[in-house]
Structure formats: C-alpha cells, structure tokens
Amino acid sequence: MNPDLQLFVREALARGVPRAAIREKLLEAGWRGEEVEAALASFAEVDFPVPVPRRRPYLSAREAFLYLVLFATLYITAFNAGLVLFAIIDQRLLDVAQPMSRGAAAALHDGVAGLLIAFPIFLFVSVLVARALARDPEKRGSKVRKWLTYVTLFVAALVIIGDLTFLVQRLLSGELPGRVLAKTLVVLAIAGTVFGHYLAGLRVEERETETRPGRPSWLARLAAVAVLAVLVAGFAFSGMPRRERVRLLDARRVENLRSITSAVESYVFNNGRLPATLGDLIGPNSQSGRWLHDPETQRPYEYRALDSLTYELCATFDSADSLAGPGGYGEVLVFWRHASGRKCFVVHVPPPSLHGR
C-alpha cells in the first residue's frame with residue numbers, strides 16, 4: 001500500500017472526516033478505487049478517539065518455506081508432465097526422418113518419476129496453504145506469495161513465446177508438422193493453464209476489498225485431473241517396473257551377443273579360424289568376460305561352430321523384440337530380432353582377407 005495514501009487516510013480519520021468524504025476526495029485526486037478501499041479497510045470501523053489499524057498478516061519463515069516448495073513443485077510437475085507427453089507423442093507419431101532415440105524411453109521414465117514425487121508434494125502443500133488462508137484470509141496479501149505468483153506468470157509467458165518460436169523453427173527444419181503441432185499444443189496447454197489460473201486469482205484478489213478464503217477453481221481441479229491422466233498414460237507407455245526390467249535384461253543380452261560377434265570376427269582375423277569356445281575370446285589383458293554370460297542366470301551363451309567361418313550363437317530371452325520394434329535403434333538390429341524364449345542366430349564371418357563390415 002502507498003505510504004502517503006495510508007498516512008492521509010489515517011490523519012483524515014483522526015480528524016473525524018467521514019469515510020465517504022475521504023473516498024470522494026481521493027477519487028477526485030486520481031487514486032484508483034481499489035487503492036482507496038484498501039487504505040480505508042486498513043483501519044477498523046470502531047468508535048475510538050484515534051484510528052485503530054486492522055491486524056496485518058505476518059509472514060513467518062514457515063509460510064515462506066511452504067510457498068517456495070509450492071511453486072517449485074508446480075514448476076517440476078509442469079515440466080515433467082510435458083516431458084511425458086512429448087515422449088508419448090514421439091512414440092505415437094513416428095517421423096521416419098527423425099527416428100526415436102534411446103533417450104526417448106529414458107525421458108518417459110524420468111517424467112513419470114518426477115510426477116510421482118513432485119505432484120503429491122504439490123497437492124499436500126496446496127492443502128496446507130489453503131488451510132492457513134482459511135484460518136487467516138488476510139495472508140492472501142503476502143508479498144512473498146504475490147512475488148512468486150508474478151514470477152510464475154512471467155515464466156509461463158516466456159514459455160508460451162518460446163513455444164511459438166519452437167513451432168516455427170521445427171517446421172522450417174522439416175520435422176513432421178503433426179508431431180510439432182501436438183508438442184506445441186501440449187506446451188501451450190500446460191503454460192496457458194498455469195498462466196490463466198494464477199492471473200485469474202490475482203484479478204479476483206485485486207477486485208475484492210476484503211480478502212476471504214476461496215475454493216480451488218474449476219481450472220485448478222481440471223488441471224489436477226489432467227496431471228493424473230498424464231501419469232496413468234506414462235505408466236501405460238513406459239510399462240511397469242518388472243516389464244521394464246525384463247526389457248533391459250533382453251537389451252543387455254543383445255548387446256552381449258553383438259560384442260561376441262565382434263570379438264569372434266577379430267579372433268578370426270588374428271588367428272585365421274573360429275575360436276573353439278567362447279573362453280578363447282578372453283585374452284590375458286582382457287576384462288572379466290562377463291559379457292560372455294547371461295546377465296541374469298550367469299550361464300555362458302551357447303556357441304557352436306557350423307563350419308570354418310560360420311557359427312551359431314544362442315540365448316534365452318524373456319520378451320519379444322526388446323530392441324527391434326517400431327522406433328528402434330537402426331537397421332543393424334534387424335538381424336537381432338527375437339521371440340520370447342530360446343533363440344539361435346547363425347553368423348557368417350568374412351574371410352580374414354575380406355575382414356571388415
């Protein structure tokens with residue numbers, strides 16, 4: 001509140017000037033109606049020789065901490081919701097010019113993990129803050145709360161501007177228009193919801209001369225439901241922990257088999273023949289050779305020479321095509337497609353004179 005305005009109102013009330021007359025003269029002087037009402041409301045309407053100031057809310061360190069946690073978890077929730085939706089869009093709207101990378105699955109897991117931690121904390125702190133405001137509605141005038149709210153509006157505005165720039169940039173770079181548009185709508189929806197909710201709250205508070213507790217707006221409730229829906233969708237696309245562990249174990253098996261084929265090729269180049277066993281691939285200066293064994297059972301992979309330059313390599317997988325599905329990691333993995341269960345791959349090694357693929 002403007003200190004000059006507050007001092008004027010105090011002195012006028014002390015001299016017995018009616019509130020209506022004070023209001024009229026201040027409006028004539030160019031003060032806004034909400035400023036005048038706030039200044040008058042800061043003094044109680046009681047019969048006393050001098051103006052009696054109303055109690056002003058005191059922002060404790062605990063309340064400042066709650067507001068900081070509230071807005072921090074809001075940012076984290078919004079960011080991870082966008083991360084999950086971006087990963088889902090990359091999976092559903094495949095762009096052959098820009099295939100999904102290994103980081104897309106990790107981004108989906110990171111987003112789900114972030115939502116699982118940040119969103120419940122945000123809801124919990126929101127309840128604590130709402131109860132505090134219900135007990136003392138004047139705390140809605142907290143400077144820390146308003147500063148963080150305006151910072152949030154500023155960040156949301158920057159995100160919206162950056163999102164529109166991203167739309168134009170990605171379209172000009174040749175990315176699939178439908179995919180870019182979907183991502184743009186996601187960011188606009190998240191930033192627009194945050195911006196609209198807090199801007200509407202500030203406008204309501206500025207219009208009202210008396211602060212009073214309010215219930216969550218329909219936009220806030222809709223946003224909470226949307227975040228829960230995003231979390232469920234993230235689980236559906238990323239898979240439950242056990243299924244993801246199975247996929248990772250099969251991925252490790254494929255990587256081990258690829259390492260074995262490279263080692264066999266090098267062995268043939270150096271020795272002119274296939275190794276008798278996989279143990280021959282471990283040299284005196286080599287590492288432990290864990291890549292020669294199944295990561296879960298620790299049993300060695302099955303190896304059998306078929307002729308002088310052809311051999312069979314077998315492994316047992318827990319799932320089908322762990323790495324060779326849509327949006328995989330390149331044509332090189334097509335050879336390593338597999339079903340669930342035991343799978344044998346027949347590998348032909350080029351002659352030493354033609355070594356190199």
Side-chain angles (χ1 to χ4, degrees), residues 1-71 74 125-157 160 191-224:
M1 185 182 303
N2 188 290
D4 294 333
L5 175 62
Q6 188 173 23
L7 179 61
F8 173 82
V9 171
R10 178 186 176 86
E11 292 183 354
L13 291 174
R15 297 182 182 186
V17 180
R19 288 176 177 260
I22 298 174
R23 181 182 297 107
E24 179 183 355
K25 294 304 178 181
L26 287 173
L27 292 175
E28 290 179 2
W31 292 95
R32 296 197 306 269
E34 59 268 21
E35 294 175 325
V36 175
E37 296 301 333
L40 291 171
S42 64
F43 297 95
E45 296 186 46
V46 296
D47 186 14
F48 199 71
V50 295
V52 179
R54 293 183 184 273
R55 174 181 172 272
R56 291 186 179 183
Y58 167 73
L59 183 68
S60 65
R62 175 181 179 274
E63 290 168 326
F65 168 77
L66 289 178
Y67 281 125
L68 289 172
V69 173
L70 177 70
F71 283 94
L74 170 66
V125 176
S126 297
V127 171
L128 293 181
V129 171
R131 290 178 178 176
L133 294 178
R135 290 192 301 267
D136 191 356
E138 292 182 349
K139 289 183 178 180
R140 289 181 175 273
S142 163
K143 291 184 179 180
V144 171
R145 178 174 178 269
K146 287 194 173 183
W147 268 102
L148 289 175
T149 301
Y150 277 110
V151 169
T152 300
L153 292 176
F154 174 71
V155 172
I160 293 175
T193 299
V194 174
F195 189 89
H197 170 69
Y198 285 99
L199 181 62
L202 287 175
R203 287 179 174 176
V204 169
E205 292 176 12
E206 291 174 355
R207 285 198 304 264
E208 296 176 350
T209 58
E210 295 182 2
T211 57
R212 60 173 182 267
R215 297 179 178 179
S217 66
W218 65 268
L219 188 59
R221 296 178 180 180
L222 181 62

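Predicted model only: the values in this text are computed from it and were never measured. Residue numbers run from 1 in the order of the sequence given.
Looking at heavy atoms from C-beta onward, Glu35 lies out of side-chain contact with Asn2 at the 4.5 angstrom threshold. Leu13 is listed as a side-chain neighbour of Arg19, based on a closest heavy-atom distance under 4.5 Å. For the pair Val151 and Phe71, the minimum side-chain heavy-atom distance is 4.5 Å or more. The closest side-chain heavy-atom distance from Leu5 to Val9 is below 4.5 Å.
Residues Arg54 and Phe43 approach most closely at NE-O, 3.7 Å, considering heavy atoms. Residues Val125 and Leu66 come closest through the heavy atom pair CG1-O, 3.4 Å. Contact between Thr193 and Ala223 at its shortest, heavy atoms only, is CG2-CB, 3.8 Å. Nearest heavy atom pair, residue Pro53 against residue Pro51, reads CD-O, 3.5 Å.
Within the model, atoms CG of Leu153 and OG1 of Thr149 stand 7.0 Å from one another, a figure rounded to the nearest 0.5 Å. To the nearest 0.5 Å, atom CD1 of residue Ile22 and atom CZ of residue Arg10 are 12.5 Å apart. From Glu37, atom CD reaches atom CG of Leu27 across 7.5 Å, with rounding to the nearest 0.5 Å.
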